[in-house]
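Written out below as structure tokens is the structure these notes cover.
Treat the numbers as computed from the prediction; the structure is a model and nothing was measured.
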Amino acid sequence: MDLPIGIFLLFFFLVSLPAVLSREVRPATITVDGTSTIATNDDNFICATIDWWPHDKCNYNQCPWGNTSAMSLDLSHPLLAKAIQAFKPLRIRIGGSLQDQVLYNVGNLKSPCHPFRRMKDGLFGFSKGCLLMSRWDELCHLLNTTGAVVTFGLNALHGRHQIKKGVWGGAWDSSNAQDFIKYTISKGHQIDSWEFGNELSGSGVGASVDAELYGKDLINFKKIINKLFENSTSKPAILAPGGFFDQKWYSQFLKVSGPGVVNVLTHHIYNLGAGVDPNLVKKILDPHHLSRISETFSNLKQTIEQDGPWTSAWVGESGGAYNSGGRHVSNTFVNSFWYLDQLGMSSKYNTKVYCRQTLIGGNYGLLNKSTFVPNPDYYRQEHEISCGWGKRKTVNVVYIALLWHRLMGKGVLHVGSSASSFLRTYAHCSKGRVRHFLMLPNEGMTLLLINLSNQTAYTIGVHNRKDMYLTAGGRNIKEESFILHGLKKSVAWVGNRASDEALSREEYHLTPKDGDIQSQTMVLNGLPLKLTEDGGIPMLDPVRVDVKTPIYVAPLSIAFIVYPNFDAPACL
């Protein structure tokens, strides 16, 4: 909807009143360079994982997984299919800590086929587990019919033995994996990529494998893929190593495996520390803590340029806090700050895909493990769920990951800001829009603004480094109403796309209900979104604002700002 600036500012003031009283409002200038991209994402940048953890995986006297394992998840639940379909498509990675203990019940498997069981001396406290092919068929049917792009993580420890604590040696036995892939091909299941192993790099997590041995195994695996797909017009990609980045180890295994073997380098990030850490919220809202992980992105980018230019970088798994995430943190609004900052930062370092741990399961699941109702940083909508004894409560749901997927295009743009580090700023080419059943090319630019401050709001003027300027000017306006401030400021639109006609931008402001950042309820532009009558995803309508006005970003809020007419040659 198009609103005059006075009406929109009044509307936003009323819904944001609790967050702005007695707060400071500062002007800021953002400059976006649309002449060239600094990096690019894949079309399916947003990714979510399905893990192997059984219901009795517990940490810190909590057991937050329920029946969310790839072996036990209710695949018939209608909200599961709708959540995947909303992305058209969503990339799904099946993998996790128990991945290297999964056997596949196919071919000449000589081991008994049973689920994971608690085992004191087992890796991560569990025995080996076995995937039935009937279950695999069901998984593939759901993922393929919902249009998911699937990455499957293979067992890279099969046949090896432990040579000392935490270190595994010996040759990888490829027979079970080879039989499994053959079966998958014979059934026509579509797998986009195969990942080799999970967290075996460097010193490993639970287990590690020497980089030279790992590289040789990947050469063997590449030969298997080439043979199995020799009659196919396209081959699945090979991903590795799915572990925490260790520059020396990554460099060595790339040199051993050589050009053209590994297509994608995957690494994992849990930069918030343990899920039990009482300082999780403080870390999420600390810009200096969030920025530390940029060194990992930078070093991996350098390693690829020097030792593996034929590969690209993915974040194959990232849940913020490890050991199932933080209770009452990882599934609330505040986690959205960490998640979106990670998406924006990783994009700047040419990360092609970012896989969120998890789609469902643990405290960090995008979907509630019991109700399948989405948590805040996926999307939350007004929805009634059963609470037992005939009681029902309302859960409000709004989009985060889905907004990124729909608004942020592949091209990453350089953005500069005069604001403090508490205002995180990212810019992408806008994603192509569907109009009249036709997919139009990228149009303009989209800003992502994340305000980590609980005291400071910002009024922002946006400049195009090329030839368009939006200026808000301004002095420190502490004590002055942001409404009056917005009405007083004048702005000018300059550039070869400028005209005297009214131009508008689209704004999506995301805030927690009642200002509680640990709320599980999120609102969009001050209004809740409701599920459609059949439980489907509703339309996401922005507020359209005159482009000549400054952007207002409230404390502890997130905003996507779309400029359809932004002159960005790099985005054409």
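- With no hydrogens or angles considered, no side-chain donor-acceptor pair links N271 and H289 at under 3.5 Å.
- Donor-acceptor pairing under 3.5 Å is recorded for the side chains of S175 and D173.
- Residues that satisfy the salt bridge (Lys or Arg N to Asp or Glu O under 4.0 Å) test with D33, not counting sequence neighbours, are R465.
- Residues that satisfy the ring-ring contact (aromatic ring centres under 6.0 Å, His included) test with F422, not counting sequence neighbours, are absent from this structure.
- The aromatic rings of F560 and W404 sit perpendicular to each other, their planes meeting at more than 60°, with 30° as the lower class boundary.
- For C130, the disulfide (SG to SG under 2.5 Å) partners are C113, not counting sequence neighbours.
- Side-chain N/O atoms of T40 and K352 include a donor and acceptor closer than 3.5 Å.
- For K255, the side chain to side chain contact (heavy atoms under 4.5 Å, CB included) criterion is met by S251, D307, not counting sequence neighbours.
- Under the 4.5 Å side-chain criterion, counting only non-hydrogen atoms from C-beta, L239 is in contact with T151.
- L265 has its side chain within reach of L254: a pair of non-hydrogen atoms, C-beta onward, lies under 4.5 Å apart.
- Ring planes of W52 and F116: perpendicular class, angle over 60° (limits at 30 and 60°).
- A 6.0 Å sphere centred on CD of Q306 holds more than 12 heavy atoms belonging to other residues, nucleotides or ligands.
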>> If you apply the rule side chain to side chain contact (heavy atoms under 4.5 Å, CB included), what do you find for L300 with H267, and how did you get there?
In response: CA-CA 9 Å; L300 178 58; H267 69 117; 3.3 Å; yes

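- With sequence neighbours excluded, the residues satisfying side-chain hydrogen bond (donor to acceptor under 3.5 Å, both in side chains) with T303 are Q247.
- Proximity of a side-chain donor or acceptor of N176 to a complementary backbone N or O of Y104 within less than 3.5 Å is detected.
- In this pair, W249 and F253 present their aromatic rings tilted. The plane angle is within the 30 to 60° band.
- Under the rule for a side-chain hydrogen bond (donor to acceptor under 3.5 Å, both in side chains), R135 has no partner lying at least two apart in sequence or in another chain.
- Counting non-hydrogen atoms of neighbouring residues, nucleotides and ligands closer than 6.0 angstrom, the CG atom of N226 exceeds 12 such neighbours.
- In this structure, R356 is positioned above the aromatic face of Y339, its NZ or CZ under 6.0 Å from the six-membered ring centre and within 45° of the axis.
- Note: Y183 and W136 fail the aromatic proximity criterion, with ring centroids not under 6.0 Å apart.
- Contact of the S318 side chain with the W338 side chain is registered, since non-hydrogen atoms from C-beta on lie closer than 4.5 Å.
- A donor-acceptor contact shorter than 3.5 Å links the side chain of Q99 to the backbone of L154.
- With sequence neighbours excluded, the residues satisfying side chain to side chain contact (heavy atoms under 4.5 Å, CB included) with A207 are L123, L157, W168, L200.
- In this structure K283 satisfies the salt bridge (Lys or Arg N to Asp or Glu O under 4.0 Å) test together with D277, sequence neighbours excluded.
- Contact annotation: the side chain of L80 approaches that of L359 to within less than 4.5 Å [non-hydrogen atoms, C-beta and beyond].
- Every pair tested for disulfide (SG to SG under 2.5 Å) that includes a residue from residues 146-216 fails, sequence neighbours excluded, so the list is empty.
- For the side chain to side chain donor-acceptor pair (under 3.5 Å) condition, the pairs that include at least one residue of residues 420-429, sequence neighbours left out, are S291-R424, D341-R424, D341-Y426, S420-Y458.
- Judged as a salt bridge (charged side-chain N to carboxylate O under 4.0 Å, His left out), the pairs with a partner in residues 312-325 (not counting sequence neighbours) are, in order, R93-E317.
- The aromatic rings of F45 and Y354 lie tilted to each other, with the angle between the two planes from 30° to 60°.
- Partners of Q252 by side chain to side chain contact (heavy atoms under 4.5 Å, CB included), not counting sequence neighbours, listed by chain and number: A211, E212, V256.
- Taking the six-membered ring for Trp and thresholds of 30 and 60 degrees, F244 and Y270 have ring planes inclined between 30 and 60 degrees apart.
- The environment of NE2 in H414 is sparse: at most 12 heavy-atom neighbours from other residues, nucleotides or ligands sit within 6.0 Å.
- Donor-acceptor pairing under 3.5 Å is recorded for the side chains of T446 and S430.
- With salt bridges taken as basic N to acidic carboxylate O contacts below 4.0 Å, one links R160 and D217.
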